[in-house]
Amino acid sequence: MSHIDTALELERTKLNAEVGVSNWITIDQPMIDAFARVTHDDQWIHVDTERAARETPYGRTIAHGFLTLSLASRFAYDVFEKFDGQVLGLNYGFNRLRFLTPVPADSRVRGRFKLKDVQKRSSTRLLRTHEMTIEIEGVDTPALMADWLGMTVFAD
């Protein structure tokens, strides 16, 4: 049996099951400020700590939604193991993405992954869809939920 067929068989046993939870990461103001500089998104709710304390219901700045989303790759490194014969993994996009709760500065977040679908796309490519939830420590509603597609590429 080929490496891709072995991986496909293994992944099918995990369908609709949680496959892992990442480590926590703190999103602090220096991280938010750095993201604002890189993306040129310096909206005051992210970078003006005094105004955010006065004028938002959070009492402080909040992380950019895309900053929170960008941590998905780090969370995936914590959770997913490499398959035998795998040469790389590619971000293939999202079928669904919803930002549900703002992430206040100094919050800790983590990713939780559930396998929703797996398809053999070619003799070297396996497409997996994970329901990804990014949780905020101590908050019931997640920061975001997404159906994240990943293409796993195997050697010929």
Side-chain angles (χ1 to χ4, degrees), residues 7 10-11 14-119 121 125-154:
L10 175 65
E11 289 296 271
K14 299 176 185 176
L15 282 173
N16 300 311
E18 183 172 277
V19 294
V21 179
S22 75
N23 296 316
W24 291 103
I25 292 178
T26 301
I27 299 180
D28 59 13
Q29 193 62 49
M31 182 188 291
I32 294 169
D33 292 341
F35 190 85
R37 279 190 305 277
V38 168
T39 61
H40 302 276
D41 181 355
D42 58 356
Q43 185 181 25
W44 68 268
I45 62 173
H46 305 304
V47 298
D48 188 335
T49 57
E50 292 176 14
R51 185 174 176 189
R54 282 191 321 268
E55 297 181 29
T56 72
Y58 315 108
R60 53 190 158 160
T61 61
I62 58 172
H64 305 73
F66 286 125
L67 166 55
T68 305
L69 177 62
S70 73
L71 296 173
S73 294
R74 174 68 253 170
F75 299 146
Y77 290 132
D78 289 347
V79 171
F80 302 128
E81 295 181 18
K82 190 173 178 181
F83 294 105
D84 288 339
Q86 178 181 340
V87 293
L88 59 96
L90 298 170
N91 179 357
Y92 202 67
F94 296 91
N95 282 341
R96 181 183 62 87
L97 171 62
R98 296 292 181 265
F99 296 99
L100 302 172
T101 303
V103 178
D106 299 318
S107 296
R108 291 186 351 140
V109 295
R110 69 178 178 189
R112 183 177 298 275
F113 296 88
K114 177 181 174 182
L115 183 63
K116 290 183 72 173
D117 190 35
V118 59
Q119 300 172 17
R121 299 299 290 264
R125 292 178 179 247
L126 192 67
L127 180 64
R128 296 184 294 166
T129 303
H130 286 92
E131 177 184 279
M132 177 184 63
T133 304
I134 296 184
E135 303 171 330
I136 308 166
E137 187 175 41
V139 178
D140 291 335
T141 304
L144 68 85
M145 292 186 71
D147 287 343
W148 189 16
L149 287 74
M151 187 69 73
T152 306
V153 181
F154 293 83

Query - Lys/Arg cation over aromatic F80: R128, 6.0 Å, 45° cone - result: yes
**Report entry** Heavy atoms from other residues, nucleotides or ligands near CZ of F99 exceed 12 (cutoff 6.0 Å)
**Finding:** yes
**Report entry** CZ (F94) with more than 12 external heavy atoms under 6.0 Å
**Finding:** yes
Spatial distance of atom [atom1] ([X]) from atom [atom2] ([Y]) [nearest 0.5 Å]:
| X | Y | atom1 | atom2 | answer |
| --- | --- | --- | --- | --- |
| F75 | I25 | CZ | CD1 | 4.5 Å |
| R51 | T61 | CZ | OG1 | 13.0 Å |
| R110 | W24 | CZ | CH2 | 4.0 Å |
| D41 | I32 | CG | CD1 | 11.5 Å |
| T49 | R60 | OG1 | CZ | 12.5 Å |
| T129 | Y92 | OG1 | OH | 10.0 Å |

Query - Closest heavy-atom pair and its distance - D42, V47 - result: O-CG2, 3.4 Å
Query raised in the report: What are the two closest heavy atoms between H46 and Q29, and how far apart are they?
Result: O-NE2, 2.9 Å
Query - Flag side-chain contact, heavy atom, 4.5 Å: R121 against T152 - result: no
Query raised in the report: How about S107 and I27: do any of their side-chain heavy atoms sit closer than 4.5 Å?
Result: no
Report task. Keeping the roles fixed (side chain from H130, backbone from K114), state whether a donor-acceptor pair exists under 3.5 Å. Result -> no
Can you give the donor-acceptor pairs under 3.5 Å from side chains of residues 136-148 to other protein atoms, not counting sequence neighbours?
unit_1: E137; atom_1: OE1; unit_2: R108; atom_2: NE; d: 2.8
unit_1: E137; atom_1: OE2; unit_2: R108; atom_2: NH2; d: 3.1
unit_1: D147; atom_1: OD1; unit_2: R96; atom_2: NH2; d: 3.4
unit_1: D147; atom_1: OD1; unit_2: K116; atom_2: NZ; d: 3.2
unit_1: D147; atom_1: OD2; unit_2: K116; atom_2: NZ; d: 3.0
unit_1: W148; atom_1: NE1; unit_2: N91; atom_2: OD1; d: 3.0

**Report entry** Test side-chain contact (heavy atoms from CB on, under 4.5 Å) applied to K14 and V118, step by step
**Finding:** CA-CA 10 Å; K14 299 176 185 176; V118 59; over 6 Å; no
Report summary line: Checking L88, L126, L127 against M151 for side-chain contact (heavy atoms from CB on, under 4.5 Å), the one that qualifies is L127
Query raised in the report: Can V19 and E81 be said to form a side-chain contact (heavy atoms from CB on, under 4.5 Å), step by step?
Result: CA-CA 10 Å; V19 294; E81 295 181 18; over 6 Å; no
Query raised in the report: Does a side-chain N-to-carboxylate-O contact under 4.0 Å join R74 and D78?
Result: yes
Report summary line: Residues at least two apart in sequence or cross-chain that pass side chain to side chain contact (heavy atoms under 4.5 Å, CB included) with E50, listed by chain then number, are D48, R54
Report task. Take the angle between the ring planes of F83 and F154 and call it parallel below 30°, perpendicular above 60°, tilted in between. Result -> tilted
**Report entry** Steps toward side-chain contact (heavy atoms from CB on, under 4.5 Å) verdict (V103, I134)
**Finding:** CA-CA 10 Å; V103 178; I134 296 184; over 6 Å; no
